[in-house]
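Worksheet for the structure shown next.
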Amino acid sequence: MIQQVKVINRSNNELPCYQTLQAAGMDVRAFIDAPVVLEPLKRALIPTGLYVELPEGCEMQVRPRSGLAAKHGITVLNSPGTIDADYRGEIKVILVNLSDESFTIEPGERIAQLVLAQYVRAEWVVADNLCDTERGEGGFGSTDRK
């Protein structure tokens with residue numbers, strides 16, 4: 001399924017694009033004038049120069065690029081970041097360096113992925129009890145002990 005999304009591109013980069021026919025995420029690029037050095041365990045807010053108008057009922061998720069994470073320890077700090085349908089500001093990406101080496105972000109470098117997703121809004125129904133399930137109240141790691 002293809003959904004049209006209005007976009008303003010104030011950067012000198014090409015629009016985000018899918019790298020393969022079945023890719024879920026579009027690579028987005030850094031819109032910076034000069035390289036940004038990200039020291040170990042430091043974070044930076046990297047602009048993209050992109051502004052979007054998402055359809056009602058959709059969000060855009062900002063996710064890490066697996067190559068940056070695996071090779072350099074660079075990831076999106078609030079992963080996945082959420083761009084709401086009513087947000088009209090510039091898309092910016094919070095990158096963090098989880099490695100023990102400095103990493104340089106170059107102008108135009110692919111820094112994250114954008115994934116368009118539909119969502120359903122919740123309406124709370126206050127209750128006194130919940131139906132039973134096989135899992136019950138088993139929490140973190142509880143399904144590993146079978």
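The figures here come from the full heavy-atom set of this structure, side chains too, leaving out hydrogens, waters and symmetry mates.
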Please say yes or no: joined through hydrophobic side-chain contacts below 4.5 Å, possibly via intermediate residues, are I74 and V36 part of one cluster? yes

Under 4.5 Å between side-chain heavy atoms, hopping through other hydrophobics if needed: is there a path connecting F31 to M60? no

Atom of A34, atom of P107 and distance for their closest heavy-atom approach: C-CG, 3.9 Å

Are L15 and V7 close enough that some pair of their side-chain heavy atoms sits under 4.5 Å apart? yes

Interatomic distance, L68 atom CG to S99 atom OG [nearest 0.5 angstrom]: 11.0 Å

For L77 and R43, what are the C-alpha separation, side-chain angles and deciding distance, and is it a side chain to side chain contact (heavy atoms under 4.5 Å, CB included)? CA-CA 8 Å; L77 187 58; R43 62 186 176 272; 3.5 Å; yes

For Y51, the other hydrophobic cluster members (4.5 Å side-chain criterion, sorted by chain and number) are I8

Tightest non-hydrogen contact, residues P80 and Q61, listed as CB-CB, 4.2 Å

List the steps, then state whether side chain to side chain contact (heavy atoms under 4.5 Å, CB included) holds for V93 with L45. CA-CA 6 Å; V93 179; L45 188 60; over 6 Å; no

Least distance between heavy atoms, E39 atom then N97 atom: O-CB, 3.3 Å

The salt bridge (charged side-chain N to carboxylate O under 4.0 Å, His left out) partners of R110 (sequence neighbours excluded) come to D27

Nearest heavy-atom pair of F103 and H72: which atoms, and what distance? CE1-CG, 3.5 Å

Students should find that the hydrophobic cluster of V125, defined by side-chain heavy atoms under 4.5 Å apart, otherwise consists of none

Any side chain to side chain donor-acceptor pair (under 3.5 Å) pairs touching residues 117-132, not counting sequence neighbours? none

Pairwise distance CG(L114) to CD1(I83) - rounded to 0.5 angstrom: 6.0 Å

Test of understanding: clusters of I, L, V, M, F, W, Y form through side-chain heavy atoms closer than 4.5 Å, transitively. Do Y87 and V5 belong to the same one? yes

Quick check: do S11 and R29 have side-chain heavy atoms less than 4.5 Å from each other? no

Could you tell me whether the side chain of V96 reaches within less than 4.5 Å of the side chain of L98, counting heavy atoms only? yes

Could you tell me whether Q4 atom CD has more than 12 heavy atoms of other residues or ligands within 6.0 Å of it? no

Over all heavy atoms of both residues, which pair between A112 and V62 is shortest? Give the atoms and the distance, please. CB-CG1, 4.0 Å

Decide side chain to side chain contact (heavy atoms under 4.5 Å, CB included) for T75 and L95; before the verdict, give the C-alpha distance in whole Å, the side-chain angles of both, and the deciding distance to 0.1 Å. CA-CA 6 Å; T75 191; L95 291 181; over 6 Å; no

Are V76 and M26 linked, directly or through other ILVMFWY residues, by side chains that come within less than 4.5 angstrom of each other? yes

Do I91 and L54 belong together in a cluster built from hydrophobic side chains that touch within less than 4.5 Å? yes

Contact list for residues 78-88, test salt bridge (Lys or Arg N to Asp or Glu O under 4.0 Å), sequence neighbours left out: none

For Q113 and V28 the tightest heavy-atom approach is N-CG1, 4.4 Å

Could you go step by step and tell me if E90 and L50 meet the side chain to side chain contact (heavy atoms under 4.5 Å, CB included) rule? CA-CA 6 Å; E90 181 180 11; L50 299 175; 6.0 Å; no

Applied to residues 94-108, the salt bridge (Lys or Arg N to Asp or Glu O under 4.0 Å) test, sequence neighbours excluded, yields none

